[in-house]
There are 2 protein chains.
Amino acid sequence: MEDKGYLTPKQEKVLRFIRKRVGEGLPPTIREIGQEMGFKSTGTVRDYLKALIQKGLVKRMNNKSRAIELAEGAAVFNKIPIIGTINAGKPNLAYEEIQGYVDADDLFLGRLGFNDVFALRVKGDSMIDAGILEGDVAVIKKRPDAQNNDIVAALLDNNEVTLKRLRSKSGRFYLEAANVNYPPIFEEFKVIGRLITVIRKY
Amino acid sequence: MEDKGYLTPKQEKVLRFIRKRVGEGLPPTIREIGQEMGFKSTGTVRDYLKALIQKGLVKRMNNKSRAIELAEGAAVFNKIPIIGTINAGKPNLAYEEIQGYVDADDLFLGRLGFNDVFALRVKGDSMIDAGILEGDVAVIKKRPDAQNNDIVAALLDNNEVTLKRLRSKSGRFYLEAANVNYPPIFEEFKVIGRLITVIRKY
DNA sequence: TTATATACCACACATTTGTGTGGTATGTCA
DNA sequence: TGACATACCACACAAATGTGTGGTATATAA
């Protein structure tokens, strides 16, 4: 199960094909894989699938057509390359040095359930020193284990929501803006969720 | 084809089920749809599919199992609710006032092709005043129509990449950091792409 | 009344698809 | 040499799945 080990070139090619097809919305049949790979026997494809299952990259359901699922680590659709780390301070990285790939979905939400997640569009500048600007989308995970120093969405007494950093001083929690022009909030509040992602589109 | 018109409640339910299954990676068979809907005949399901195809919401390939595709406008997986606008300045919005939904994929990349897009992880603090922090993922669209004031990924003479704001002064382009501690860059450079999205995970 | 449309069911049939058994050829290890 | 693994092929069979024809019941319009 955990023996991901090395994949042979052909095993990799099979996996890539499965990924592509799953990404397109229609997993391949055994014969379709065989055709893609140039195999003339369904048995051969099954051997490859067995190997991929063995290595924990793929799951299957029996007696169901196209029922091929990418296992945890292999579910990488919507891949975009990460071409290294850009240095926003002093440039220091060569171009086109692809470090790997990220799954767009993964990058966005990770493997959270979508049920506990919602998004808010940020208005105002009270979190500007934390790099959160007006217009950004703040993705919040509900009922989380929010801790001191986390940025949280909080419900205030007047039934309004605000995004602030959760702080505690001498045992008491309060909300702190990331902007010196805004005073801390000491009134009653309830933490709705914790900020897990910020997305900004230009 | 364009007669989306209204869907009957059952047609909507069928469409929802297809969406769900496609989102899960395995489109349903005709019989699976029938079972979900309580239909006892495959013919009934085919009538419904025909209606959905007629209305331009679904596409199919013949003689292929599970070959149901969501047409353009219907492909909305990964929906997360937007519960209004959060005010990071002064709280002013009621909780649970769902404004609508966004498609996670859409939020992330919009409807761009993935081919011209890549990501960089930001290092350093030269763009901090633009709300771009160390560790953020910068999504770049290649060979774009970069204009003055756009934030761009630029290739410098020494073959290194940097993220800066593109500026022009008296007809000449240069790169400007968003941090007073960094001087503008006047040396030779080539714009690789334009910053379209910033993602930060906490 | 007839005609037409909607909303289903029954069921036979063809095709697609998955399963299972067994085979050949090649190479490696002992 | 024998034992074993890898990498394939052939092919029969069963199960899943899509297709096609025709039926019933209900409502609506002409």
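Given the structure is predicted, the values throughout are model-derived calculations rather than measurements. Letters A, B, ... mirror the listed sequences (proteins, then strands); counts begin at 1.
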_Whole-Å distance separating the CD atom of Q54(A) from the P atom of dA7(D)_ = 14 Å
*Applying ring pair (Phe, Tyr, Trp, His ring centres under 6.0 Å), name anything that partners F17(B), two or more places apart in sequence or on another chain.*
none
_From CG of L26(A) over to C1' of dT17(C), roughly how many Å is that when rounded to an integer?_
13 Å
*Whole-Å distance between dT6(D) P and L52(A) CG?*
14 Å
_Once ring pair (Phe, Tyr, Trp, His ring centres under 6.0 Å) is applied, do any residues pair with F189(B), and if so which ones, sequence neighbours excluded?_
none
*In chain order, what residues pass the side-chain contact (heavy atoms from CB on, under 4.5 Å) check against N62(A), with sequence neighbours excluded?*
none
*Using whole Å, report how far CD1 of I33(A) lies from C1' of dC8(D).*
16 Å
*Carboxylate-amine/guanidinium contact R167(A) E176(A), below 4.0 Å*: yes
Any N/O pairs under 3.5 Å between the protein and nucleotides 18-20 of chain C? List them or say none.
residue	atom	partner	partner atom	Å
dG18(C)	OP1	R66(A)	N	2.8
dG18(C)	OP2	I30(A)	N	2.7
dG18(C)	N7	R31(A)	NH1	2.7
dG18(C)	N7	R31(A)	NH2	3.4
dG18(C)	O6	R31(A)	NH2	2.8
dT19(C)	OP1	N63(A)	N	3.3
dT19(C)	OP2	R60(A)	NH1	3.3
dT19(C)	OP2	R60(A)	NH2	3.3
dT19(C)	O4	T42(A)	OG1	3.4
dG20(C)	N7	R46(A)	NH1	3.1

*Atom NZ of K40(A) to atom P of dA7(D): distance rounded to whole Å?*
18 Å
*Roughly how far, to the nearest 0.5 Å, is the CD atom of Q54(A) from the CD atom of Q11(A)?*
10.5 Å
_Euclidean distance, atom CG of residue D47(A) to atom P of dT24(C) [Å, nearest integer]_ = 17 Å
*Return the set of residues passing ring pair (Phe, Tyr, Trp, His ring centres under 6.0 Å) with Y174(A) (not counting sequence neighbours), or none when no residue passes.*
F186(A)
*Find the distance L49(A):CG to dA7(D):P and express it as a whole number of Å.*
14 Å
*Identify, with sequence neighbours excluded, every residue that meets salt bridge (charged side-chain N to carboxylate O under 4.0 Å, His left out) alongside R31(A).*
none
*asked:* Given dC8(D), dC9(C), dC9(D), identify the nucleotide with an atom nearest to the side chain of K10(A).
replied: dC8(D)
*Can you sort out the partners of K169(A) under salt bridge (charged side-chain N to carboxylate O under 4.0 Å, His left out), two or more places apart, ordered by chain and number?*
none
Any N/O pairs under 3.5 Å between the protein and nucleotides 24-26 of chain D? List them or say none.
none

*Can you list every pair that meets salt bridge (Lys or Arg N to Asp or Glu O under 4.0 Å) and has a residue in residues 60-69 of chain B, with sequence neighbours left out?*
E32(A)-K64(B), E32(B)-R66(B)
*Let me know the distance between CD of Q35(B) and C1' of dA16(D), rounded to the nearest Å.*
13 Å
